Protein chains: 2
Amino acid sequence: MKKSIDQTIKKRSDCPISCSLDLVGDKWSLLIIRDMLYLGKTTYNEFLSSKETISTNILNDRLIQLTKDGFITFTGSAKRKKYELTKKGLDLKPVLESIALFGMKYSIADKEFLKHVKKTMKL
Amino acid sequence: MKKSIDQTIKKRSDCPISCSLDLVGDKWSLLIIRDMLYLGKTTYNEFLSSKETISTNILNDRLIQLTKDGFITFTGSAKRKKYELTKKGLDLKPVLESIALFGMKYSIADKEFLKHVKKTMKL
DNA sequence: AATTAAACTTGCAAAATGCAAGTTTTGTCA
DNA sequence: TGACAAAACTTGCATTTTGCAAGTTTAATT
């Protein structure tokens, strides 16, 4: 039986932050959006080729879910499917940007702090 | 045996976005940060009381992990532990803000679009 | 029609999360 | 002090999500 595709994502609360995370706060969705936004990727195989190595079943699930939730659409029926961001998907750009900025600021991990914490707490 | 707490989070790649998500891209971390940033929460039980109902073991794990990763610290040894954001934690504010903006923009879910998609795709 | 490669599925293992019920710790106060 | 209560934390097990490897289906191309 086809895995119930009609499942509505369950909202944990009405908080806008929580709601957003319920939609794209999984392990892969934002990376797919990143691929489309910054790397111009449009196809299944292009997404597959990203260095983070998503697996095929997950990629498939996410593409379906992102489509259902209105972040992306596609043209060209099966084989040569081309995905593109909707307005809603494009509206995630500020989110990705702020995440990227944060990531760049802290990319050289603070090993010093880690060492400190390990001493301080009884980990 | 105490669950290996020394596990270093595995980076999927060197992409700043990917790295950030590897740190706080789980289901709960950003909601805890939100609670501290916007609701002034500081204690275990305050976090527990949030409407999204995190469970105790997860909360505990996240607090430890966020501490290890330098997003939060605490004062006051066990009982009356008070958590607070570090500089690094505070630097997530732009991220939460952009997420919140997005969430508010789309809070009234596009049921119309959903209906459309359901017809279009053979879901 | 046969080939091929992109798109998608399946089955099972591992990891993360959810839930309910505990136990430990430490401030409070009789 | 020492019993008590409440905060902090643990444990065990069910469920869900993700990871991995190997498939099958589908549609362009020849």
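Just so you know, these numbers use all the heavy atoms, side chains as well, and skip hydrogens, waters and symmetry mates. Worth saying up front: this structure is predicted, and the values here are computed from it rather than measured. Every chain is numbered from 1 and lettered A, B, ... according to where its sequence line falls, protein lines coming before strand lines.
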Would you say [X] places a side-chain N or O within less than 4.0 Å of OP1 or OP2 belonging to [N]?
X       : N      : result
B/Lys27 : D/dT16 : no
B/Asn45 : D/dA8  : yes
B/Arg62 : C/dT17 : yes
B/Lys81 : D/dC9  : yes

> Considering the options A/Thr67, A/Ile32, A/Ile33, which one meets the side-chain contact (heavy atoms from CB on, under 4.5 Å) requirement together with A/Arg62?
Replying inline: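 Of A/Thr67, A/Ile32, A/Ile33, side-chain contact (heavy atoms from CB on, under 4.5 Å) with A/Arg62 is met by A/Ile32 alone.
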Indicate yes or no for a side-chain donor-acceptor contact from [X] to the backbone of [Y] under 3.5 Å, with no hydrogens or angles considered.
X       : Y       : answer
A/Thr86 : A/Phe71 : yes
A/Lys41 : A/Glu46 : yes
A/Lys51 : B/Asp14 : no

>> Restricting to non-hydrogen atoms, name the atom on B/Gly70 and the atom on B/Lys88 that form the minimum distance, rounded to 0.1 Å.
In response: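 Taking every non-hydrogen atom into account, O-CB, 3.4 Å.
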> Which atom names give the shortest non-hydrogen contact between A/Lys27 and A/Leu31, and what distance separates them?
Replying inline: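 Result for this residue pair: O-CD1, 4.2 Å.
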> For the helix from C/dA1-D/dT30 to C/dA30-D/dT1, how many degrees between its two end axes (five pairs per end), to the nearest 10°?
Replying inline: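 One end's axis against the other's: 20°.
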Gap between atoms [atom1] and [atom2], on [X] and [N] respectively (whole Å):
X       : N      : atom1 : atom2 : result
B/Leu59 : C/dG18 : CG    : C1'   : 13 Å
A/Gln65 : D/dT17 : CD    : P     : 10 Å
B/Glu46 : D/dA8  : CD    : C1'   : 14 Å
B/Trp28 : C/dA15 : CH2   : P     : 23 Å
A/Lys10 : D/dT15 : NZ    : P     : 13 Å
A/Leu48 : D/dC20 : CG    : C1'   : 13 Å
B/Ile58 : D/dT10 : CD1   : P     : 13 Å
A/Arg80 : C/dA7  : CZ    : P     : 7 Å

>> Need one value for B/Tyr83: base, sugar-phosphate or nothing, where a base atom within 4.0 Å counts as base even if backbone is also close, heavy atoms only.
In response: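 If one applies the 4.0 Å heavy-atom cut-off, B/Tyr83 turns out to touch the sugar-phosphate alone, with no base involved.
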> Just checking B/Arg12: base, sugar-phosphate only, or nothing, at a heavy-atom cut-off of under 4.0 Å?
Replying inline: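 B/Arg12: no heavy atom of the nucleic acid under 4.0 Å.
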> How many angstroms lie between CD1 in A/Ile72 and CG in A/Leu90, if you round to the nearest 0.5 Å?
Replying inline: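 Separation between the atoms: 12.0 Å.
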> Among all residues two or more places apart in sequence or in another chain, which pass the side chain to side chain donor-acceptor pair (under 3.5 Å) test with B/Lys93?
Replying inline: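 B/Lys93: no side chain to side chain donor-acceptor pair (under 3.5 Å) contacts found.
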N/O contacts under 3.5 Å, protein versus nucleotides 21-23 of chain D?
none

>> Please tell me whether B/Thr43 and B/Asn45 have a donor and an acceptor in their side chains that are separated by less than 3.5 angstrom.
In response: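 Per modelled atom types, B/Thr43 and B/Asn45 side chains form no pair under 3.5 Å.
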